[in-house]
Amino acid sequence: MKDSKPRDFIRQIIHDETKNQDSRKVITRFPPEPNGFLHIGHAKSICLNFAVANENKGKTFLRFDDTNPLKEDDIYVQSIKEDVSWLGFDWEDRLTFASDYFENLYQAAIKLINKGLAYVDSLNANEIREYRGTLTEPGKDSPYRNRSPEENLELFKRMKNGEFSDGEMILRAKIDMKSPNMNMRDPAIYRIRKHAHQRTADKWCIYPMYDFAHALSDAYEGITYSLCTLEFEDHRPLYNWFIEQVETEHRPRQIEFSRLNMAYALTSKRKLHGLIINKIVDGWDDPRLVTISGMRRRGYPPNAILDFCERIGITKKDNYIEMGVLENSVREELGDTTQRRMGVLDPLKVTIQNFENDKVEVLEAQNHPQIPEFGMRKISFTKELYIERSDFKEDAPRKFHRLKPGGEVRLRYAYIIKCEEVIKDSSGNIEELICSYDPDTKSGTGKSDKKVKGTIHWVSAEHSFDAEIRLYDRLFKVHNPAASDDLEKTINPDSLKTVQAKLEDSLGAEGAPPSFQLERTGYFCLDTKLSNEKKRIYNRTVTLRDSWAKIEKAAMSQG
RNA sequence: UGGGGUGUAGCCAAGUGGUAAGGCAACGGGUUUUGAUCCCGUCAUUCGCAGGUUCGAUCCCUGCCACCCCAGCCA
């Protein structure tokens with residue numbers, strides 16, 4: 001396995017670097033900031049980090065990058081832990097926080113000051129920006145850049161002791177104000193934030209910046225490969241500078257890969273926050289979101305997400321993955337793991353005129369057509385039934401092999417019925433179908449040679465129950481909603497539709513599967529957040545592939 | 001106009017001096033009591049463009065073009 005061909009450039013690098021070092025371990029980390037919920041893009045990173053370590057008999061840390069108390073909260077820590085475990089990954093005893101290292105980080109800053117490589121600047125934020133220069137013009141040195149190590153030390157300690165207000169002083173690395181890389185123009189290391197931290201409370205009023213804290217946390221934990229996204233590529237010289245100058249025992253290597261973008265979706269914590277604050281969606285776990293919690297609520301199994309992450313690969317190229325790829329992974333996983341049931345989303349009443357009034361015939365149905373181990377269940381056939389309204393057409397096109405006036409169709413696991421009469425209300429809407437059934441065509445008996453082109457699903461009126469089902473479509477109308485300056489304008493008004501469905505009784509029974517396929521319509525799951533004792537609410541996870549819909553669409557576009 | 005990256009099909013993505021894997025999508029066909037699943041087939045004379053080196057270039061060299069990221073006391 002170790003010698004099998006690496007799947008991507010990162011695994012290639014690791015393979016090349018470690019193949020001749022039998023003692024070398026691969027240690028990775030997933031470093032979320034606890035300021036929001038995780039989404040599919042994070043899943044890509046989680047899978048990469050845990051898988052790469054695992055493939056090399058290494059370990060992975062779950063480390064929270066909690067260096068900005070203004071934006072972070074424990075509720076995000078809890079949700080992130082839940083999401084990572086739900087995906088199936090185990091950090092064991094390696095749950096850490098950048099804040100665990102605040103004391104070490106503080107000492108490291110002092111070391112830089114003593115080496116003459118850091119200074120306390122008294123410029124304010126605006127002045128610092130002006131001094132930084134622009135992309136094409138070099139910056140200029142701060143007038144405070146040449147304070148002595150002694151003075152810097154004194155000032156830094158006073159910063160720590162809370163003697164200055166926010167923004168009054170700042171600790172900066174002394175690197176090169178003329179560097180073409182903006183990150184090297186004396187970046188901030190420590191800023192004053194008189195704000196309680198969710199873990200360290202009021203112990204500190206100075207907090208380290210990302211570049212400093214992240215690089216050193218990696219080094220402290222013995223991370224060998226620090227895998228991050230492309231936007232940090234030009235932070236790498238700074239990452240290396242900190243590690244070099246602080247002279248840490250371990251020297252991690254940062255490697256960047258491209259972040260995941262999904263077409264017609266949002267993978268930006270900041271923008272997701274906006275949707276939630278403006279109540280455009282139901283919360284971080286809204287099933288229309290590609291957040292981990294949203295996908296979980298929607299019914300996406302973790303294995304589908306893992307499979308998806310494997311399929312999309314790891315490269316440095318900008319990408320926009322189509323939703324179809326994710327949905328394909330979901331269908332593939334659910335197809336092999338869920339039982340089949342019947343339910344009617346848009347019920348049309350059918351009366352079987354030649355079936356006895358109060359008779360209940362119990363039929364056997366397979367729980368999975370290809371997996372007999374999933375067993376059988378009983379379904380009840382009665383005089384009054386419901387079928388899907390779209391399975392009947394008065395003037396049906398030739399290729400429509402469902403029910404039409406005078407036509408026949410098979411009811412799945414039951415009989416062939418014939419439409420004898422169409423009953424309409426005063427305004428011409430179809431209210432009910434009067435049908436007859438052929439007793440010789442009972443499913444599985446082989447008594448009759450009669451063949452019909454179509455098989456449709458149904459439920460018994462008596463032996464079904466009402467349920468609300470939520471049907472989802474893409475949340476956005478546009479390919480890249482993140483590029484829009486008015487997010488609300490990009491929202492698809494039809495992203496959520498609610499229908500009152502009739503589901504076969506077995507779904508309401510004790511031990512009913514929480515996730516299942518409704519034959520011919522899709523995969524569904526119980527929404528445990530919205531359901532209660534009185535009312536069951538289901539989410540449509542994903543539709544089945546529908547080649548009939550394609551034919552219809554093609555016919556429509558041809559006129 | 002500074003620096004850092006990236007260009008292989010509609011979307012992803014292997015490949016690497018010897019004649020373009022695979023997946024998703026799409027399109028044809030077969031099986032089917034889910035118009036599902038499954039199966040089989042089609043889908044890049046060409047790798048951003050232009051030159052050059054070579055018997056031979058997607059791969060090496062030169063030039064150009066396009067796109068992404070960077071001017072937080074965010075991560």
Side-chain angles (χ1 to χ4, degrees), chain A residues 5 7-8 31-33 35 65-68 70-72 121 123-125 128-130 132-139 166-172 179-185 187-193 206-207 209-211 213-214 228-237 256 258 263 269-270 308 310-329 331-332 335-336 340 342 366 368-370 399-402 409-414 416 441 443-444 451-457 517-522 543-552:
Chain A
K5 196 175 259 188
R7 291 199 311 244
D8 53 66
E33 183 188 13
N35 68 342
D65 233 326
D66 56 347
T67 55
N68 185 355
L70 260 33
K71 301 207 304 200
E72 295 152 6
D121 201 343
L123 254 27
N124 66 37
I128 285 181
R129 191 183 326 118
E130 282 162 20
R132 186 156 34 223
T134 68
L135 295 179
T136 50
E137 299 160 38
D166 288 17
E168 198 178 340
M169 298 282 169
I170 191 161
L171 184 71
R172 293 228 257 169
S179 172
N181 181 346
M182 299 297 280
N183 296 299
M184 302 301 270
R185 319 242 263 227
I189 299 178
Y190 261 97
R191 78 285 216 193
I192 301 168
R193 280 262 202 280
I206 54 170
Y207 293 94
M209 297 291 289
Y210 163 83
D211 289 296
H214 194 84
C228 64
T229 43
L230 246 34
E231 65 268 30
F232 295 106
E233 206 152 20
D234 44 45
H235 290 239
R236 195 184 339 126
E256 311 83 12
S258 54
K269 269 198 253 178
R270 201 176 67 76
F308 169 76
E310 218 164 89
R311 286 179 195 233
I312 57 175
I314 300 290
T315 65
K316 300 187 73 160
K317 206 178 97 174
D318 287 344
N319 59 80
Y320 266 86
I321 311 288
E322 293 170 346
M323 272 297 178
V325 183
L326 215 205
E327 290 178 342
N328 177 67
S329 292
R331 286 193 190 98
E332 216 162 84
D336 294 341
R340 262 101 256 231
M342 289 202 286
Q366 285 180 289
H368 193 293
Q370 278 84 235
K399 283 187 189 162
F400 183 84
H401 34 240
R402 280 116 95 161
V409 76
R410 172 170 289 283
L411 296 181
R412 178 82 158 150
Y413 295 124
I416 290 175
T441 59
S443 192
K451 284 268 194 294
V452 286
K453 276 197 215 142
T455 298
I456 63 173
H457 58 277
Q517 183 196 99
L518 248 27
E519 293 208 27
R520 303 210 307 133
T521 95
T543 60
L544 255 31
R545 275 204 194 80
D546 187 354
S547 55
W548 171 247
K550 270 182 211 166
I551 294 167
E552 269 191 319

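Letters A, B, ... are given to chains in the order of the sequence lines, protein chains preceding strands, and every chain is numbered from 1.
Put simply, Lys550(A) has no side-chain N or O that comes within less than 4.0 Å of OP1 or OP2 on A25(B). A sub-4.0 Å separation between OP1 or OP2 of U33(B) and a side-chain N or O of Ser443(A) is absent.
Counting any heavy atom pair closer than 4.0 Å across all strands shown, Thr521(A) reaches no nucleic acid atom. When heavy atoms are screened at a 4.0 angstrom cut-off, Tyr413(A) is found touching base atoms of the nucleic acid. The residue Gly444(A) sits close to a base: some heavy atom pair falls under 4.0 Å. Nucleic acid contact for Glu233(A): sugar-phosphate only, since backbone atoms but no base atoms lie under 4.0 Å from a heavy atom of the residue.
The salt bridge (Lys or Arg N to Asp or Glu O under 4.0 Å) test applied to Asp121(A) returns Arg172(A), not counting sequence neighbours. A search for salt bridge (Lys or Arg N to Asp or Glu O under 4.0 Å) contacts involving Glu519(A) returns Arg412(A), not counting sequence neighbours. Judged as a side chain to side chain donor-acceptor pair (under 3.5 Å), and not counting sequence neighbours, the contacts of Asn35(A) are Glu33(A), Lys269(A). Remark: Arg311(A) pairs with Asp307(A), Glu332(A) by the salt bridge (Lys or Arg N to Asp or Glu O under 4.0 Å) rule, at least two apart or across chains. Residues passing the side chain to side chain donor-acceptor pair (under 3.5 Å) test with Arg270(A), sequence neighbours excluded: none. Among residues two or more places apart in sequence or in another chain, the side-chain contact (heavy atoms from CB on, under 4.5 Å) test is passed with Glu256(A) by Cys228(A), Leu230(A), Glu233(A), Arg236(A), Gln254(A), Lys316(A). For Arg410(A), there are no salt bridge (Lys or Arg N to Asp or Glu O under 4.0 Å) partners at least two apart in sequence or on another chain.
Donor-acceptor pairing under 3.5 Å, judged by distance alone, is absent between the side chain of Thr455(A) and the base of U34(B). Residue side chain Glu256(A) does not reach the base of G5(B) through any donor-acceptor N/O pair under 3.5 Å, judged by distance alone. One cannot find a donor-acceptor pair under 3.5 Å joining the base of U34(B) and the side-chain atoms of Arg520(A). Between the side chain of Arg402(A) and the base of G35(B) there is at least one donor-acceptor pair of N/O atoms closer than 3.5 Å.
Atom P of nucleotide C11(B) and atom OH of Tyr320(A) are separated by 13 Å, given to the nearest angstrom.
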Next on the checklist: I'd like to compare against my own output: the B/S/- annotation of nucleotides 65-75 of chain B with a strict under-4.0 Å heavy-atom distance to protein.
Outcome noted: ---SBBBSBBB

Protein and nucleotides 37-39 of chain B: nitrogen or oxygen contacts under 3.5 angstrom:
unit_1: U37(B); atom_1: OP1; unit_2: Arg545(A); atom_2: NH1; d: 2.2

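A 3.5 Å limit on both hydrogen-bonding distances identifies G18(B) as the Watson-Crick or G-U partner of C55(B).
The residue among Thr441(A) and Asn328(A) whose nearest nucleotide of RNA chain B is located toward the 5' end is Asn328(A).
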